[in-house]
Protein chains: 2
Amino acid sequence: MYKRQELAQVSATTVSHTLNGRRPVAEQTRRRVLAAIEELGYRPNVLARGLRTSRSQTIGLVIPDITNPFYPALARGLQDVLGPAGYDQIIGNTDGERRLERAALEQMIARQVDGLVFAVFNTHAEDLLPVIDAGIPVVRLGGRLVQRGVDVVHSDDEGGAREATRYLLERGYRRIGFVCGPAGEGPAAERVAGYRTALADAGGGEGAPVAGHAGGCDGAVVGGAGAEVRPGLVVRTHFSRQGGAEGAARLLDLPEPPDALLCANDVMAIGALDVALERGLRVPGDVAIMGFDDIEAASMVTPRLTTMANPAREIGRAGARRLLDRLEGRVAEPSSEMVIPSRLVRRESA
Amino acid sequence: MYKRQELAQVSATTVSHTLNGRRPVAEQTRRRVLAAIEELGYRPNVLARGLRTSRSQTIGLVIPDITNPFYPALARGLQDVLGPAGYDQIIGNTDGERRLERAALEQMIARQVDGLVFAVFNTHAEDLLPVIDAGIPVVRLGGRLVQRGVDVVHSDDEGGAREATRYLLERGYRRIGFVCGPAGEGPAAERVAGYRTALADAGGGEGAPVAGHAGGCDGAVVGGAGAEVRPGLVVRTHFSRQGGAEGAARLLDLPEPPDALLCANDVMAIGALDVALERGLRVPGDVAIMGFDDIEAASMVTPRLTTMANPAREIGRAGARRLLDRLEGRVAEPSSEMVIPSRLVRRESA
DNA sequence: GTGAAAGCGCTAACAG
DNA sequence: CTGTTAGCGCTTTCAC
């Protein structure tokens, strides 16, 4: 097989430089080289290049499950930024198992990834140490953990919950229940906090968990300035349709049931929708329902779901930018935190 | 930095062989090496290995858009099989653009992928040639194109449509409309064919496009053996919710409207659901609705959608197995075709 | 059962 | 502006 040098009459060095532009090449040589490349269908071997430069032009993405629609959007956001910069990604699914997670990280190191994007919730900080020790920049997506050597990008869960609650308050709802996931899992705490803040700002007091003691008037729906806001009504259940249904049922069974339900994600909100309709309640007439995330199905149920969009692709892009900054040595601080705002998506359900 | 040889007092050769097991290593040496590896946190450099062996242990996956929920399932299916065999995947999104598609293929070659999985519909066979010429085994997912050097795995669109149609016939529906996508795009032709076959088998004749001339009785709903089946009623529109709504509307506006609508995918079926409910029709009482794919939202709309599941993950697994066969030299034929059955998912809408 | 040496395809350092 | 040389970390002869 012809070596490219032979056809173009140049050394491999020159080929390298015409391709990478690290040093000037005479226009004529350049053309000869390019022509030969074209003719021979030559493609540089990325592995060899990586071995030599110790940069694989690859970044690793570690997630629980690409099948969960949040993560493809994340991956796409990363690709939006990293792709044009010449990086490919390899994806490791952990299914939430710590063993698989550690295996994935080892694999990423062995693959010589130039950077790592990590988007798994329940992780011990120490599991990331091998990666950090290997000198690989890490960006964590969606966690809140602050750790030396790790940049964090996450959505503004607290602010989003606050905005959602305020939105409901503005529309006149006064007894707003919160159907939350298990404490400690995912962004539960932040969202409850935001919800509470909004209620407190509106004069609703702090509110006890679950069947918070009645604190106000009965149910001013178009309630103007005068109507008193109910204290927080938080119910904890699972992050599933069934969980949402159960949580909603518990709240609606209260002697003074809420006139609006804010759910920790859309799937739960759809469960809440189920029970509301089952009971013959009109949505949003009798009870408003809101979710979080804006999954595909949110716009497909009846009534379509008002929700706070979780900007996965945005988060991916922002994380990728941070990573690029690191890779190109543009960042000094040992770690950073970045918050991406959620966006209110108004539809019929609230 | 300590070289591993030094701590364990062995040559790199021996380390290599203890790790890869290509030749016997004395038990005692073995242990010493493993201990040293553990102690030093040594991880073999996959790039170097790849350069030497010219096998990157990587497979490329080329798809239109990871954000479309069909493809993550595919990717996961691939990973189910390829992961344990030691392969990682890199994903290229083409957004359906031929330019990006070709760039992705070039990129895969440059990355020295050991195999390629290709899941883009509208592709000219010639675009795959560079890959085939590079000696890289290719598995095509979801296409129907038969091409030398390319194995094909796809779902049984024709059989699925036949089964869906038969299911509706069994339940007593007699005037079944088909809301189809644009001719030539995706699996449209096969699904129409399956639908026609089932109708013909049931005595419904061949059926003209769109407003097929009336051919039978008026609307036996629980119609037993006697009721005559209507000839095919096919409407072509877009693969979208809006498209489905328009197609359904056209069919329902017919002088003798169908009593069941089979839609080419779930998103379209949800559009059909929209218009049916809008018109005060009961589903499935007045009109049954079925989709294809079983997307997440299918079980979240009201009534929940009966559909033919498109077994993306299964297809991924089957494709991966084929690819492994090729990689390990277990297949002789120049190309093969494999069909994965669809599965009926019964819910309320039909 | 083990080691020494060569070389995969590339780029960086050092000539010229 | 271009070429020669060396070496990235591994696996594979070939030798013992």
Side-chain angles (χ1 to χ4, degrees), chain A residues 1-37 40-58 86 88 106-114 134-136, chain B residues 1-37 40-58 86 88 106-114 134-136:
Chain A
M1 193 233 284
Y2 245 172
K3 287 255 177 63
R4 62 205 170 287
Q5 300 89 302
E6 293 169 4
L7 217 196
Q9 312 270 31
V10 291
S11 71
T13 308
T14 300
V15 178
S16 173
H17 285 110
T18 50
L19 250 30
N20 301 313
R22 289 203 201 294
R23 82 181 188 190
V25 174
E27 184 51 30
Q28 205 196 338
T29 319
R30 218 182 104 72
R31 268 207 293 275
R32 243 185 17 250
V33 171
L34 260 26
I37 284 176
L40 301 171
Y42 166 77
R43 291 181 202 81
N45 181 327
V46 176
L47 261 47
R49 190 214 302 271
L51 178 58
R52 181 61 238 241
T53 59
S54 49
R55 317 202 84 229
S56 61
Q57 295 294 95
T58 302
D88 280 324
E106 284 300 317
Q107 178 69 354
M108 297 297 175
I109 299 175
R111 288 248 168 204
Q112 312 288 116
V113 297
D114 296 334
I136 299 172
Chain B
M1 195 232 283
Y2 246 173
K3 287 253 176 68
R4 62 204 170 287
Q5 299 92 301
E6 293 169 3
L7 217 197
Q9 312 271 29
V10 292
S11 70
T13 310
T14 301
V15 177
S16 174
H17 285 109
T18 53
L19 251 30
N20 301 314
R22 289 203 201 292
R23 85 183 185 190
V25 174
E27 183 53 29
Q28 206 197 340
T29 318
R30 220 184 100 72
R31 269 207 293 275
R32 240 182 21 247
V33 171
L34 261 27
I37 283 176
L40 302 172
Y42 166 77
R43 291 181 204 83
N45 180 328
V46 177
L47 261 48
R49 191 213 304 272
L51 178 59
R52 181 62 236 244
T53 60
S54 49
R55 316 202 82 229
S56 61
Q57 296 293 95
T58 302
D88 281 324
E106 284 299 319
Q107 177 69 353
M108 297 297 175
I109 300 175
R111 288 247 169 204
Q112 312 287 115
V113 297
D114 296 334
I136 300 172

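Residue numbers begin at 1 in each chain, while the letters A, B, ... track the order of the sequences.
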Checklist line | Atom CZ of B:R30 with >12 non-hydrogen neighbours under 6.0 angstrom | finding: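 12 or below, so no.
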Checklist line | Heavy atoms from other residues, nucleotides or ligands near CD of A:E27 exceed 12 (cutoff 6.0 Å) | finding: yes
Notebook entry, point to check: Between B:N20 and D:dT11, does any side-chain N or O lie under 4.0 Å from OP1 or OP2?
Noted result: yes
Item checked: Close side-chain approach of A:T14 to A:R32, heavy-atom, < 4.5 Å ->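 SC-SC contact between A:T14 and A:R32 ruled out.
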Note to self: In the structure I gave you, are the side-chain heavy atoms of A:L19 and A:R49 within less than 4.5 Å of one another anywhere?
What the structure shows: no
Rounded to the Å, how far apart are [X] [atom1] and [N] [atom2]?
X: A:R30; N: D:dT2; atom1: CZ; atom2: P; result: 12 Å
X: B:L51; N: C:dA6; atom1: CG; atom2: C1'; result: 13 Å
X: A:Q112; N: D:dC8; atom1: CD; atom2: C1'; result: 10 Å
X: B:I37; N: D:dC10; atom1: CD1; atom2: P; result: 10 Å
X: A:R22; N: D:dC1; atom1: CZ; atom2: P; result: 18 Å
X: A:L47; N: C:dT11; atom1: CG; atom2: P; result: 13 Å
X: B:R31; N: C:dG1; atom1: CZ; atom2: C1'; result: 16 Å
X: A:R55; N: C:dG9; atom1: CZ; atom2: P; result: 23 Å

Out of [options], which has the shortest distance to the side chain of [X]?
X: A:R52; options: D:dT2, D:dT11, D:dC8; answer: D:dC8
X: A:T13; options: C:dG1, D:dG7, C:dA13; answer: C:dA13
X: A:N45; options: C:dG9, D:dT2, D:dC1; answer: C:dG9
X: B:A26; options: D:dC10, D:dG3, C:dT2; answer: C:dT2

Notebook entry, point to check: Would you say the base of D:dT2 and the side-chain of A:T29 have a donor-acceptor pair closer than 3.5 Å?
Noted result: no
Notebook entry, point to check: Do the side chain of A:S16 and the base of C:dA12 come within less than 3.5 angstrom through a donor-acceptor pair of N or O atoms?
Noted result: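 There is none.
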Check: Bend across the helix from C:dG1-D:dC16 to C:dG16-D:dC1, to 10°, with axes taken over 5 pairs at each end?
Finding: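 Between the axes fitted at each end of the helix from C:dG1-D:dC16 to C:dG16-D:dC1 lies an angle of 40°.
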Notebook entry, point to check: Which part of the nucleic acid, if any, lies within contact of A:R23, taking any heavy atom under 4.0 Å across all strands shown: a base, the sugar-phosphate backbone alone, or nothing?
Noted result: base
Margin query: Just to be sure I understand the rule, does A:T14 reach a base, reach only the sugar-phosphate, or reach nothing, if contact means heavy atoms closer than 4.0 Å?
Written below: sugar-phosphate
Note to self: Test your reading of the model: is there a side-chain donor-acceptor pair from B:T13 to the backbone of B:S11, 3.5 Å cut-off?
What the structure shows: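 No.
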Notebook entry, point to check: Want to settle it: does B:H17 or B:T53 sit nearer the 5' end of DNA chain C, counting the closest nucleotide to each?
Noted result: B:H17
Notebook entry, point to check: Given the rule in the side-chain contact (heavy atoms from CB on, under 4.5 Å) test, do B:T29 and B:T18 qualify, once you have shown the distances and angles that lead to the verdict?
Noted result: CA-CA 9 Å; B:T29 318; B:T18 53; 5.6 Å; no
Checklist line | Atom pair CD (A:Q112) and CG (A:L47), whose distance is rounded to the nearest 0.5 Å | finding: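 Result: 10.5 Å between the selected atoms.
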Item checked: Partner set under side-chain contact (heavy atoms from CB on, under 4.5 Å) for A:Q107, not counting sequence neighbours -> A:R111, B:D88
